[in-house]
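Numbering of residues begins at 1 and proceeds along the displayed sequence.
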Amino acid sequence: MDTIPIIDTHQHLWDFKKFQPPWLKTEPKLNQSMGLPEYAKATAGLNVVKTVYMEVDVAVKQQVAEAQYVAGLSASHKTVMAAAVVSCRPALPGFAAYAKSLTKSPYRPYIKGLRQVLQVPDAPKGLCLQPTYVKNIQLLGELGLSFDICIRPTELADAAKLVDKCPKTRFILDHCGNGMAANPNQAQWERDMKELAKRPNIVCKVSGIIKTVKPGMNKIEALTPVVLPTIEAFGIDRVMFGGDWPVCNLTSTFRGWVETLHEILKDSSEEDKRKLFHDNAAKFYGLSGKA
């Protein structure tokens with residue numbers, strides 16, 4: 001397993017000395033500083049060669065500081081963090097100025113995209129299709145920035161409409177479209193994933209789903225119906241691995257998630273596994289050279 005290099009495209013970090021995301025107050029298992037030293041311990045022996053930081057839903061007033069901090073870490077070349085996807089709120093009036101300011105930062109080469117989590121209670125259904133939201137996601141394409149879609153699995157049709165309205169923007173669908181173990185809407189999720197994957201400007205992360213496994217479930221049996229249909233829908237050249245650490249700790253560990261995924265893919269070729277764990281991310285994010 002450790003012979004295949006890993007680019008983790010979904011690495012969270014929160015150092016309470018710098019940021020304390022408000023939502024962590026409701027997650028006692030996660031409500032503590034989780035930084036690079038802890039990440040190094042969690043990934044020890046797994047050949048993680050690079051990571052892409054993923055925003056952690058900080059308060060709006062801390063978005064600029066978050067972007068500067070993680071991009072600075074990436075630019076230092078002193079850690080495995082090689083790039084960052086930072087927080088945003090495309091429905092707010094100041095979004096365009098904020099996005100443009102990121103492109104003028106000296107750290108611009110390390111800021112690859114933006115994300116807003118669309119599955120939280122304060123994100124109403126249909127938010128991503130509001131005219132202002134669409135216009136601002138179109139702007140990201142003009143600025144050369146991608147947008148991560150993290151949306152409720154029953155709203156994948158909205159994601160498809162957003163992608164259609166923004167043909168010049170590159171999209172990443174997080175967490176297998178939030179597919180889940182023992183999904184009561186499995187058939188609809190599979191249909192929606194296949195439909196969304198028809199758009200050429202979107203790829204998908206195989207990430208996050210380990211947290212949907214409930215106690216007593218066999219992780220491999222529970223997640224195979226999520227992983228394999230995702231790869232079938234998007235194709236092996238348009239999927240990327242994401243660790244979702246430390247959120248994955250809610251039900252497993254980083255190593256446990258990697259081992260589960262390897263077991264699910266035991267019949268896949270070495271080439272295909274390398275694409276998923278490393279090569280596709282390197283190409284999509286433009287990560288080359290030593291981290």
* Side-chain donor/acceptor of Asp57 to backbone N/O of Pro21, under 3.5 Å -> no
* Asked: Can Leu156 be reached from Met180 by stepping across I, L, V, M, F, W or Y side chains whose heavy atoms are under 4.5 Å apart?
  -> no
* Any donor and acceptor pair, going by atom type alone, linking the side chain of Trp14 with main-chain N or O of Gly35 inside 3.5 Å? -> no
* **Ion pair Lys266/Glu263, N-O distance below 4.0 Å** => yes
* Side chains of Thr103 and Ile111: closer than 4.5 Å at any heavy-atom pair? -> no
* Does the Ser146 side chain pair with the main chain of Lys112, one donor and one acceptor, at a distance under 3.5 Å? -> yes
* Indicate the atoms forming the closest heavy-atom contact of Ser74 with Ala84, along with that distance. => OG-N, 4.4 Å
* Say whether Leu140 and Tyr107 are linked into one hydrophobic cluster, either directly or through other cluster members, by side-chain heavy-atom distances under 4.5 angstrom. => no
* Apply side-chain contact (heavy atoms from CB on, under 4.5 Å) to Asn31 and Phe16, showing your working. => CA-CA 9 Å; Asn31 195 24; Phe16 282 4; 3.4 Å; yes
* Given the rule in the side chain to side chain donor-acceptor pair (under 3.5 Å) test, do Gln138 and Glu142 qualify, once you have shown the distances and angles that lead to the verdict? -> CA-CA 7 Å; Gln138 291 170 341; Glu142 297 170 13; over 6 Å; no
* Asked: Quick one: which of His262, Lys273, Lys275 gives a side chain to side chain contact (heavy atoms under 4.5 Å, CB included) with Ser268?
  -> Lys273
* May I ask you to test the Leu102-Leu143 pair for a side-chain heavy-atom distance under 4.5 Å? => no
* Hphob cluster co-occupancy, Val117 + Leu30, side-chain heavy atoms under 4.5 angstrom -> no
* To do: For the pair Arg238 (side chain) and Ile202 (backbone), establish whether a donor and an acceptor sit closer than 3.5 Å, ignoring hydrogens and angles.
  => yes
* To do: With sequence neighbours left out, write down each residue that passes side-chain hydrogen bond (donor to acceptor under 3.5 Å, both in side chains) with Tyr285, or none if nothing qualifies.
  => none
* Measuring from His175:NE2 to Ile149:CD1, what's the distance to the nearest 0.5 Å? -> 13.0 Å
* Asked: With no hydrogens and no angle check, is any side-chain donor or acceptor of His12 less than 3.5 Å from a backbone partner on Met54?
  -> yes
* **Separation between CD1 of Ile151 and CG of Asn178, rounded to the nearest 0.5 Å** => 9.0 Å
* **Donor-acceptor pair, side chain of Glu259 and main chain of Gly256, under 3.5 angstrom** => no
* Asked: Taking Asp174 for the side chain and Cys150 for the main chain, is one N or O donor matched with an acceptor at less than 3.5 Å?
  -> no
* Structure fact -> In this structure, CG of Asp272 is separated from CD of Glu270 (nearest 0.5 Å) by 10.0 Å
* Asked: With sequence neighbours excluded, what pairs up with Arg108 under the side-chain hydrogen bond (donor to acceptor under 3.5 Å, both in side chains) test?
  -> none
* Apart from Leu92 itself, residues in the same hydrophobic cluster as defined by side-chain heavy atoms under 4.5 Å -> Val60
* Looking only at side chains, do Tyr53 and Glu66 share a donor and an acceptor under 3.5 Å apart? -> yes
* Asked: Hey, are the side chains of Glu55 and Val70 touching, using non-hydrogen atoms and a 4.5 Å cut-off?
  -> no
* Asked: Distance-only, no hydrogens or angles: does the Ser76 side chain make a donor-acceptor pair with backbone N or O of Leu73 under 3.5 Å?
  -> yes
* Asked: Hey, what do you get for CG (Leu196) to CG (Asp158), rounding to the nearest 0.5 Å?
  -> 11.0 Å
* Asked: Under a 4.5 Å side-chain heavy-atom rule over Ile, Leu, Val, Met, Phe, Trp and Tyr, are Leu127 and Val120 clustered together?
  -> no
* Would you indicate whether the side-chain heavy atoms of Val85 and Ile172 approach each other to under 4.5 Å? => no
* Assign the ring pair Trp257 / Phe241 to parallel, tilted or perpendicular, where the plane angle (0 to 90°) is split at 30° and 60°. => parallel
* **Cluster link Tyr110 to Leu13, ILVMFWY, side chain under 4.5 Å** => no
* For the residue pair Leu145 and Leu114, establish whether any side-chain heavy-atom pair is separated by less than 4.5 Å. => yes
* **Closest non-hydrogen atom pair, Cys176 against Val226** => CB-CG1, 3.8 Å
* Structure fact -> Heavy atoms of Cys204 and Gly177 approach each other most closely as SG-N, 4.4 Å
* Between Glu155 and Leu118, is there a donor-acceptor pair closer than 3.5 Å when you use the side chain of the first and the backbone of the second? -> no
* Presence of salt bridge, Lys205 and Asp8, under 4.0 angstrom -> no
* Any side-chain heavy-atom pair from Phe284 and Thr9 closer than 4.5 angstrom? -> no
* Mind checking the CG-CZ spacing from Asp148 to Arg170? Nearest 0.5 Å is all I need. => 11.0 Å
* Hey, could you give me the NZ/CZ distance between Lys198 and Phe234, rounded to the nearest 0.5 Å? => 12.0 Å
* Side chain Asn201, main chain Cys166, donor-acceptor under 3.5 Å -> yes
* To do: Evaluate the side-chain proximity of Ser252 to Lys219: yes if any heavy-atom separation is below 4.5 Å, no if none is.
  => yes
* To do: Show your reasoning for whether side-chain contact (heavy atoms from CB on, under 4.5 Å) applies to Phe277 and Val49.
  => CA-CA 11 Å; Phe277 280 101; Val49 296; over 6 Å; no
* Over 12 non-hydrogen atoms of neighbours within 6.0 angstrom of NZ in Lys211 -> yes
* Asked: What are the two closest heavy atoms between Met217 and Ala182, and how far apart are they?
  -> CE-CB, 3.7 Å
* Would you say the side chain of Phe254 lies within less than 4.5 Å of the side chain of Tyr39, judging by non-hydrogen atoms? -> yes
